[in-house]
Structure formats: C-alpha cells, structure tokens
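For reference, the structure is listed below as structure tokens.
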Amino acid sequence: MQFELQYTASDTKARAGIIETDHGKIETPIFMPVGTAGSVKGIHKKELKEDIKAQIILGNTYHLYLRPGVDIIEQAGGLHRFNGWDGPILTDSGGYQVFSLGDIRKLTEEGARFQSHIDGSYHLFTPENVMDIQRKIGADIVMAFDECTPGDAEFAYAKKSLELTRRWLERCWNRFEQTSPFYGHRQSLFPIVQGAVYPDLRQKAAEHVTLFGADGYAIGGLSVGEPEEEMYAMTEVVNEILPQDKPRYLMGVGTPVNILESIDRGVDMFDCVMPTRNGRNGMLFTIEGIINIKNRKWAADFSPVDPNGTSFVDRQYNKAFLRHLIISNEMLGAQIASQHNLAFYLWLVKEARRHILANTFKRWKEKMVKQLAVRL
RNA sequence: GGGGAGAUACCAAAGUGGCCAACUGGGGCAGACUGUAAAUCUGCUGGCAAAUGCCUUCGUAGGUUCGAAUCCUGCUCUCCCCA
C-alpha cells in the first residue's frame, strides 16, 4: 500500500491524499462504511459502488472468525471473493469487541479470552492468531490487536492498558512480518494509538507506533464515552507526532461534525456504524441537519427524502413514505435510510477533499459544522 | 321465548374490598445509538402542578362500608348456547 499526500493547506491541518492498494485507489479524506459481518447492513455491492461511491469497506475479525469461521473464508479465497466486493477492504482486529463485550471476556498478557456472544463457547485471541486470522481474511489493511481503553478510564488503568497494547503491537508486528499474504495481494498493518484522554500517554503512544514505519496509523479509544473536546484534543496531540506522509485513521468516528473537525485536525480515514445503525433507527443525516424521520411532523411530508441529496433514494422516495416504512418495520425503510446516510457521508468527505484541494476548506467547514448539527 | 357470560384508560387485557391512577401487551409520543452482541434499547402515555402534591376515573344511577374497579339493587348495552 502506498500513500501520496497531495495537498496540505496553511490555515488547517486538513490534508488530501491518495491511498493505493492492490484493490484500487482511495481518495482521502475518506469515510469507510462498516460491514462487520462482511456486509454493509442492508446495502448491495452495486449500491455501495455506484450510488454511495464507497471506496473501501470494513470487515470485523471477531465477527467473521465466529461466523462463518475463518476456514470458510479461506475456502472462498478470502473475504473479497467471499462477499464479492473487489475494492479495498480493511478489517478491524476485534480489539473493539474486547472492549464492548465487557464481562464475557478476560484480558491476560497472552491475549483476550472471551465467550462467543453467539453460543457462549470460549475462545482466545492473541496478537499472533489475530494476525493469522487477518491474513486469512485477506483485507488490504489490517489492524493491530489492541485494548480499546474506555473513555472514562483512570490514568493508572489507561497507562497499564496502553503498556499492554504496546507489547501486543510488538507481537502483532513480528507475526505479521513473519507471515505472508494468502491471496497474492499486499496487506498493510496499521498500529493503533491508545492512551485514553491523557495527553502524555497519547504522546508516548504516538511516538512508539511511529517507530514501526507502518503504512498508516490509527487513533483508537476515542468516541468511547469521553467528551468531544477531549477527542479533538487527543487527535491534535497524536497528529502532531504521527508522520506527515502516512495516512491517519480515526477509528469509529463519528458524526458528520466529528468528521469535519477531525479532518481539520489532520485525519484522513474514518469509519462509523452511525450512518447505517442510526439510519435503521430512523435518523437521517442531511446537509441541513439531522432528521428523526419517526417524528410525527414528517407523517405527511411528501417532499424528497433529501432534496439536496446525492443518492438515488433521495429523489426516488418521499419522507412520509420512508417514515411509514420505518415505523412499520418494513425492511426497505432500513435500506433506504442506510443508503441515504452512507451516500451523504461519502458526499461530505468528497466535498471536504474538494475544498482542501481548492484551499477553501476552513471557511466551508465552519459553515457546515453549524448546519450539520441542527435538529430538524 | 329460555339459559349463561360480560361491560376497566386509544385498543386488547389483568385486577374481584384498602399495597389501584389501576399489571401486561399493542398502538401513540419522544429520546438514545460513534473501530455494530443493535431491523436494537430507554422513557412517557387521565388532568393539573410536574419534586414528595392535588383533582377526576374502571357502562350508568343509587346503596352497603371507615374505605369500592372490586359487594348489593335498578337501568342500558354486548356476546354465547338452546328453542
């Protein structure tokens, strides 16, 4: 994988670039739709490509490992062959599940012992086997196995957690170096910077990961319960240290505003379940603000889902009908909302990129941030 | 015509003397959701003050009782069975 930094402006840390993988190019800043179980929920490949214009999607090691199982994916010839998505794929390592599964897992020096949320069976993830699994899944970008420290972690815990993540990273890196891709295309391992909301921890973590000379770096453990200002502050601290010429990926973020603010602070890559999950639950993101389509006020609003929208579904369906679908639990409702939201997110980062290249990002961002948070 | 059952908040349905402004489900209204255990979860849903308070409710009109959605009587209506 290669990264070409195309443009940095003077009044912002925002950057535009191009990531080149063996499955195609990614223009940054970019938003990556989340497809945990190998599919972006409710969205066909054709829509993802042609309508939403996704350039890269995510998969999840933990979920794919439990179901369908690594052997099936290996038999299929890797995740690209399995799910039919021939563009770039990034897999998360399962570090987030170690965090979100809470009481059904236990951390040791060796790794994370956990119970399947599906059948309760016991499993062990180690930095080594997570690398092996991700080799078999075959994503273009794979993530280090880390502990995603909770946002409200005490300093002592955060420090200890960070040290574990650091040792795990070394083991991930070694294993990754010692193994080769299964399917002929290159894979890149991204280290993850942890350190909760403590600037000195974040700083040390950023310095440490930089030593690896990776193809890209991730900032993890944010948007996990801490105030937004802390998230921005940590991003600034870390991006000050991460190498300029490598992409930075802010994991799990976020709202449209979060994304613009983070682009402004030098982040290149984002992923978040928000456009799909919140979409399924009736929340629509638009250029004019946020719509809760379940609210009564949309019941007889026959205007397009989003008159400013770029998605096929924005023009094809009206708000009242979408509301009816979602309230009636019709699956088409979830599909339309997800498709709209993803198209909006991809439009947003594309616009950001355009403004960065035109050196008008800062002003445009300030204007957008005010609109995007409005509740309609 | 004879016999039986029942009427509870928007709907369905518990409750059959005080712990009942009334279980629960649906519907309705709002909220949450950030590397997806999520087509999920939470709250409110008689009125008014909205915090611990007050007022009016369980078909309807009376009665018994310190106290009634719950017991008694009349009335109205609904459903079922037999002719």
Side-chain angles (χ1 to χ4, degrees), chain A residues 31-43 56-64 66-67 90-105 114-120 130 134 139 141-151 165 190-194 217-228 230-232 235 249-259 261-262 267 269-283 285 290 292-299 323 325-338 341 345 375:
Chain A
F31 178 81
M32 309 181 281
V34 178
T36 306
S39 101
V40 179
K41 294 190 195 300
I43 305 291
I56 171 173
I57 63 171
L58 257 65
N60 184 277
T61 303
Y62 168 86
H63 291 277
L64 292 169
L66 287 180
R67 207 164 47 188
L90 180 151
T91 43
D92 185 30
S93 62
Y96 186 77
Q97 280 64 41
V98 167
F99 153 78
S100 67
L101 260 41
D103 49 349
I104 54 173
R105 54 76 170 163
F114 60 88
Q115 269 183 284
S116 160
H117 70 279
I118 300 164
D119 63 6
V130 166
Q134 291 193 98
I141 298 171
V142 310
M143 302 307 298
F145 187 56
D146 66 338
E147 185 195 358
C148 180
T149 316
T165 287
F190 280 24
I192 302 171
V193 175
Q194 289 289 340
Y217 298 91
I219 307 169
L222 290 177
S223 64
V224 285
E226 81 289 352
E228 287 193 343
E230 305 250 43
M231 170 170 88
Y232 297 141
T235 305
Y249 163 30
L250 180 54
M251 306 184 76
V253 173
T255 65
V257 170
N258 290 160
I259 288 173
E261 292 292 2
S262 302
V267 176
M269 304 164 72
F270 301 89
D271 80 282
C272 192
V273 303
M274 220 175 234
T276 42
R277 182 196 285 166
N278 290 30
R280 287 196 300 279
N281 294 331
M283 183 180 278
F285 298 96
I290 296 167
N292 182 349
I293 199 69
K294 289 200 273 197
N295 287 174
R296 182 172 195 86
K297 62 174 148 188
W298 308 110
R323 177 176 192 272
L325 291 178
I326 287 188
I327 282 184
S328 310
N329 213 13
E330 286 287 329
M331 28 186 190
L332 182 60
Q335 292 178 299
I336 291 172
S338 299
N341 281 346
Y345 267 62
R375 299 285 174 143

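Residue numbers start from 1 in every chain, and the chains themselves are labelled A, B, ... in the order their sequence lines are given, proteins ahead of strands.
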Nearest whole angstrom, please: distance from the P of B/rU36 to the CG of A/L64.
11 Å
Centres of the A/Y345 and A/F270 rings: under 6.0 Å?
no
Classify the side-chain pair A/N258/A/Y232 by whether it contains a donor and acceptor separated by less than 3.5 Å.
yes
Write down the distance separating the P atoms in B/rU56 and B/rA21, rounded off to the nearest Å.
13 Å
Residue pair A/F285 / A/I290, side-chain heavy-atom distance below 4.5 Å
yes
Nearest whole Å is fine: how far is B/rC41 P from A/N278 CG?
15 Å
Watson-Crick or G-U wobble partner of B/rC71, both distances under 3.5 Å:
B/rG63
What closest approach, in Å, do A/I219 and A/I192 show between heavy atoms, and which atom pair accounts for it?
C-CG2, 4.4 Å
Between atom CE in A/M331 and atom P in B/rA38, what is the gap in whole Å?
19 Å
Look at all strands and tell whether A/N258 reaches a base, only sugar-phosphate, or nothing, counting heavy atoms closer than 4.0 Å.
base
Roughly how many Å apart are B/rG15 and B/rA69, using the C1' atom of each and rounding to a whole number?
8 Å
Is a donor-acceptor pair below 3.5 Å formed from side chain A/E147 to base B/rG35, judging by atom type as modelled?
no
Students often get this wrong, so: under 4.0 angstrom with heavy atoms, is A/N281 touching a base, only sugar-phosphate, or nothing?
base
Please give the distance between the P atoms of B/rC41 and B/rG47 as a whole number of Å.
27 Å
So which nucleotide from B/rG31, B/rG35, B/rU36 ends up closest to the side chain of A/D146?
B/rG35
Write down the distance separating the P atoms in B/rC75 and B/rG2, rounded off to the nearest Å.
15 Å
Got a donor-acceptor pair under 3.5 Å from the side chain of A/S100 to the base of B/rU36?
no
Is it the case that the side chains of A/Y62 and A/D92 hold a donor-acceptor pair, with the cut-off being a distance below 3.5 Å and no angle test?
no
Taking all atoms of both residues into account, what is the closest heavy-atom pair of A/S223 and A/G252, and its distance?
OG-O, 3.6 Å
Students often get this wrong, so: under 4.0 angstrom with heavy atoms, is A/R280 touching a base, only sugar-phosphate, or nothing?
base
Nearest whole Å is fine: how far is B/rC10 P from A/R296 CZ?
16 Å
Quick one, A/M251 and A/Y96 - any side-chain contact, counting heavy atoms below 4.5 Å?
no
For B/rA37, measure the glycosidic angle (O4'-C1'-N9-C4 for a purine, O4'-C1'-N1-C2 for a pyrimidine) and name it syn if it falls within 90° of 0, otherwise anti.
syn
Taking atom C1' in both B/rA13 and B/rG35, what distance in whole Å separates the two?
46 Å
Given that A/A334 and A/G254 both sit by RNA chain B, which one's nearest nucleotide is further toward the 5' end?
A/G254
Heavy atoms under 4.0 Å, any strand shown: does A/Q194 hit a base, just sugar-phosphate, or nothing?
base
Roughly how far apart, to the nearest Å, are B/rA22 and B/rA9 at atom P?
16 Å
With respect to the side chain of A/H117, which nucleotide from B/rA38, B/rA39, B/rU40 is positioned closest?
B/rA38
With a cut-off of less than 4.0 Å, is there a side-chain N or O of A/R375 near OP1 or OP2 of B/rA30?
no
With a 3.5 Å limit on both atom pairs, tell me what B/rA5 is paired to, counting Watson-Crick and G-U wobble, or say none.
B/rU78
Contact summary for A/M231 and A/V253, nearest pair of heavy atoms
SD-CG2, 3.9 Å
Please report the closest heavy-atom contact between A/S338 and A/I43, naming both atoms and the distance.
CB-CD1, 3.8 Å
Between C1' of B/rU36 and CD of A/Q97, the distance in whole Å:
8 Å
Looking at the base of B/rG35, is there any donor atom on it, or on the side chain of A/N60, that sits under 3.5 Å from an acceptor on the other one?
no
Closest of B/rG28, B/rA37, B/rG31 to the A/N292 side chain is B/rG31
Who is the Watson-Crick or G-U wobble partner of B/rA32, with both distances under 3.5 Å?
B/rU40
B/rU8 and B/rU16: how far apart are their C1' atoms, nearest whole angstrom?
12 Å
Please classify the nucleic acid contact of A/R105 as base, sugar-phosphate, or nothing, using heavy-atom distances under 4.0 Å.
nothing
Between P of B/rU36 and CZ of A/R67, the distance in whole Å:
15 Å
For the side chain of A/R277, starting at C-beta, report the closest nucleotide among B/rU36, B/rG31, B/rG28.
B/rU36
C1' spacing across the pair B/rU57 / B/rC20, given as an integer number of angstrom:
11 Å
Figure out the CE/P separation between A/M283 and B/rU36, and round it to whole Å.
19 Å
Compare the minimum distances between each of B/rG35, B/rA39, B/rC29 and the side chain of A/R323, then state the nucleotide with the smallest one.
B/rC29
Check every strand shown and say whether A/Q115 touches a base, only sugar-phosphate, or nothing at a heavy-atom separation below 4.0 Å.
nothing
Quick one: is B/rG31 close enough that its OP1 or OP2 comes under 4.0 Å of any side-chain N or O from A/N295?
yes
Answer with base, sugar-phosphate or nothing: what part of the nucleic acid does A/G221 contact at a heavy-atom distance below 4.0 Å?
base
Any strand: nucleotide that pairs with B/rC23 via Watson-Crick or wobble, under 3.5 Å:
none
Compare side-chain N and O positions of A/T36 against OP1 and OP2 of B/rU36 and report whether any pair is under 4.0 Å apart.
yes
Testing B/rA32, B/rG35, B/rU34 for proximity to the side chain of A/C148, the answer is B/rG35
Applying the Watson-Crick and G-U wobble criteria at under 3.5 Å, what pairs with B/rA50? Answer none if nothing qualifies.
none
Just how far, in rounded Å, is P of B/rU36 from CE of A/M274?
13 Å
Using the side-chain heavy atoms of A/L58, tell me which of these nucleotides is nearest: B/rG31, B/rG35, B/rU34.
B/rG35
Quick one: label A/S116 by what it contacts on the DNA or RNA (base, sugar-phosphate, nothing), any heavy atom closer than 4.0 Å.
nothing
